S.K.: 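What follows is a structure written as structure tokens; I'll ask about it next.
In listed order, ligands and their atoms are each counted from 1. Just so you know, these numbers come straight off a predicted model, no measurement behind them. Start at 1 with the first residue, then count along the sequence.
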Amino acid sequence: MPLTEQLLATGRKLLINNYGRAPIVMSHGEGCVLWDVDGRRYLDMTAGIAVCILGHGHKGLAEAISEQAARLHHTSNLYFIEAQIRLAEALAKRAFAGKMFFCNSGAEANEAALKLARRYQAVVRGKPQRVEFISFEKSFHGRTMGALSVTGQEKYRKGFGPMVGDVRFIPFGDADAARAAITDRTCALIAEPIQAEGGINLPPPGYLQELRRLCTERGAVLIFDEVQTGIGRTGTFYAFEKEAMVPDIVTLAKGLAGGVPMGAMLANDEVERAFEPGTHASTFGGNPLACAAALYVQQAMDDQNLLTQCKEVGAHLGSALSRLAERRRPKTRGSRGRGLLQGLVLDGEAAPVVQKARERGLLLSVAGGSVVRFAPPLVVSKDEIDEAVAILDAILVES
Ligand SMILES: Cc1ncc(COP(=O)(O)O)c(C=O)c1O
């Protein structure tokens with residue numbers, strides 16, 4: 001029996017059935033290529049859901065992790081951690097100056113942001129009535145109760161109610177709706193600068209600046225969830241940099257440690273004061289292992305010029321997808337994205353196309369139901385992009 005079959009039989013017996021998994025067990029990888037346990041090759045345009053930004057099987061990253069693991073892998077936040085401090089120093093050089101809290105996932109980073117905003121309004125500003133969160137239709141912020149409560153997609157929330165209260169959803173990209181929604185009951189507004197899971201939805205130019213202006217004017221905290229768009233995914237370190245503005249709080253995860261589980265919440269000096277010793281914590285958060293990996297990622301991004309690479313190869317992908325969309329109308333409705341977060345919008349469900357691609361050795365994912373998402377490692381080459389787009393094209397011709 002092939003090893004895949006053996007492992008799937010045991011996996012299906014023992015693992016909770018909460019994922020719609022493809023029947024593949026990966027063994028190892030190199031760059032943008034993965035091999036399964038039976039030796040099949042896959043060209044990876046998913047990077048583990050926008051995570052493995054340096055690619056797979058990266059020797060330098062592996063060495064940084066193993067060197068740290070051999071020396072010290074966990075001590076807890078009862079003490080200061082050298083790798084955490086050095087990572088904070090590296091992140092502080094990017095486009096958001098402030099203080100940081102480290103955790104283990106995107107959902108946790110958003111939980112921290114929501115809690116910090118509530119405490120800031122209640123304790124620092126003395127406005128305990130400001131409890132309402134404003135979020136967006138089609139948003140995605142994670143699966144924990146708080147993050148789920150500000151996620152604007154019913155399919156993720158169904159069966160889990162009641163949600164954490166006082167959340168209002170408004171349409172993304174509509175400045176008038178935001179103007180009408182932010183009141184003296186608003187605690188914070190939480191937004192993805194580009195909605196990723198919801199279908200790679202880009203806001204109109206100037207919209208993020210308008211959110212900033214409204215939140216400042218009305219005393220609401222502005223939280224940007226850059227869990228998927230951050231760490232260079234869209235060609236700038238943060239996606240919000242496109243609009244020359246900064247939020248009060250920004251959350252990160254996914255690419256942060258190149259695939260080692262890690263999240264972060266960064267807050268400006270005004271808002272971060274709301275957390276004092278004992279107000280929030282994580283046993284594993286910012287442990288030496290994850291921080292060493294993240295520090296390596298920061299250095300590699302600069303050494304390999306990954307932001308420039310992402311812009312260039314992302315532009316190549318963007319125009320290849322837009323030509324593909326034109327060629328295959330009416331099966332497609334266009335393409336959209338920025339940097340190496342791009343989507344081909346289909347006239348129908350994306351899942352069957354993604355499945356066919358997988359059967360041909362190309363890994364893609366679905367966003368927002370009808371969008372085929374490309375979020376490859378930031379080290380992807382133009383040749384690899386061309387190979388992926390050609391496979392996708394052939395599938396569209398046949399389907
Ligand atoms: C924008 C955004 N926020 C939060 C999350 C949740 O991150 P995690 O799965 O690490 O909890 C995701 C995951 O896809 C995301 O895309």
S.K.: Give me the residue, atom name and distance of the protein heavy atom closest to atom 11 (O) of ligand 1.
M.R.: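 Scanning the protein heavy atoms, the shortest distance from atom 11 (O) of ligand 1 goes to Ala107 N, 2.8 Å.
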S.K.: Hey, is Thr251 touching ligand 1 through its side chain, its backbone, both or neither, going by heavy atoms under 4.0 Å?
M.R.: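 No part of Thr251 comes within reach of ligand 1.
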S.K.: Report yes or no: does Glu108 have a heavy atom closer than 4.0 Å to ligand 1?
M.R.: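 Judged by the 4.0 Å heavy-atom criterion, Glu108 does not count as contacting ligand 1.
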S.K.: Going by the salt bridge (Lys or Arg N to Asp or Glu O under 4.0 Å) test, name the single residue among Arg328, Lys356, Arg360 that passes it with Asp393.
M.R.: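 The residue from Arg328, Lys356, Arg360 that satisfies salt bridge (Lys or Arg N to Asp or Glu O under 4.0 Å) with Asp393 turns out to be Arg328.
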S.K.: Any atoms of ligand 1 less than 4.0 Å from a non-hydrogen atom of Asn110? List them with their elements.
M.R.: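 Result: 3 (N), 4 (C).
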S.K.: What residue and atom, counting heavy atoms only, is the protein's closest point to atom 15 (C) of ligand 1, and at what distance?
M.R.: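 The closest heavy atom on the protein side is Phe140 CD2, 3.7 Å.
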S.K.: Would Glu89 and Lys93 pass as an ion pair if we require N to O under 4.0 Å?
M.R.: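 Looking at Glu89 and Lys93, the cut-off is not met.
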S.K.: As an exercise, identify every atom of ligand 1 less than 4.0 angstrom from a heavy atom of Val227.
M.R.: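 It comes down to these atoms of ligand 1: 2 (C), 3 (N), 4 (C), 5 (C), 7 (O), 12 (C), 15 (C).
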S.K.: Would Tyr296 and Glu63 count as a side-chain hydrogen bond (donor to acceptor under 3.5 Å, both in side chains) here? Give the steps.
M.R.: CA-CA 10 Å; Tyr296 183 87; Glu63 274 164 25; over 6 Å; no
S.K.: Which atoms of ligand 1 have any heavy atom of Ser105 under 4.0 Å away?
M.R.: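 Atoms satisfying the 4.0 Å criterion: 10 (O), 11 (O).
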S.K.: Could you identify the single nearest non-hydrogen protein atom to atom 3 (N) of ligand 1 and state the distance to 0.1 Å?
M.R.: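 The closest heavy atom on the protein side is Asp225 OD2, 2.7 Å.
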S.K.: Which residue and non-hydrogen atom of the protein lie closest to atom 10 (O) of ligand 1, and at what distance in Å?
M.R.: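 The closest heavy atom on the protein side is Gly106 N, 2.8 Å.
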S.K.: Within a 6.0 Å radius of atom CD on Glu67, are there more than 12 heavy atoms belonging to other residues, nucleotides or ligands?
M.R.: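 Above 12, so yes.
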S.K.: Side chains of His280 and Lys115: do they bring a donor and an acceptor to under 3.5 Å?
M.R.: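 Yes, because at least one side-chain N or O of His280 sits under 3.5 Å from a partner of the opposite role on Lys115.
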S.K.: Got a salt bridge between Asp166 and Arg185, using NZ or NE/NH1/NH2 to carboxylate O under 4.0 Å?
M.R.: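 Result for this pair is yes, salt bridge flagged.
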S.K.: I'd like to know if Arg179 pairs up with Glu210 as an ion pair, taking the criterion as any Lys NZ or Arg NE/NH1/NH2 lying under 4.0 Å from an Asp or Glu carboxylate oxygen.
M.R.: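 Yes, this pair counts.
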S.K.: Is the closest heavy-atom distance from Ile49 to ligand 1 below 4.0 Å?
M.R.: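 No; Ile49 lies far enough from ligand 1 that no heavy-atom distance drops under 4.0 Å.
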S.K.: Tell me, which protein residue and heavy-atom name are nearest atom 16 (O) of ligand 1, and how many Å apart are they?
M.R.: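 The closest one turns out to be Gln228 NE2, 2.8 Å.
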S.K.: Salt bridge or not for Glu197 and Arg143, using N-O below 4.0 Å?
M.R.: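 Salt bridge between Glu197 and Arg143, a charged N being under 4.0 Å from a carboxylate O: no.
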S.K.: Where does Arg143 meet ligand 1, judged by heavy-atom distances below 4.0 Å: at the side chain, the backbone, both, or neither?
M.R.: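 Arg143 to ligand 1: no contact under 4.0 Å from either part.
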S.K.: Between Ser381 and Glu384, is any side-chain donor less than 3.5 angstrom from a side-chain acceptor?
M.R.: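 Judged by distance alone, the side chains do pair up.
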S.K.: Can you list the ligand 1 atoms lying under 4.0 Å from a non-hydrogen atom of His141?
M.R.: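 Under 4.0 Å from His141, ligand 1 has these atoms: 3 (N), 4 (C).
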S.K.: Give the contacting part of Glu192 toward ligand 1: side chain, backbone, both or neither, where contact means a heavy-atom distance below 4.0 Å.
M.R.: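 Near ligand 1, Glu192 shows its side chain, while the N, CA, C and O stay back.
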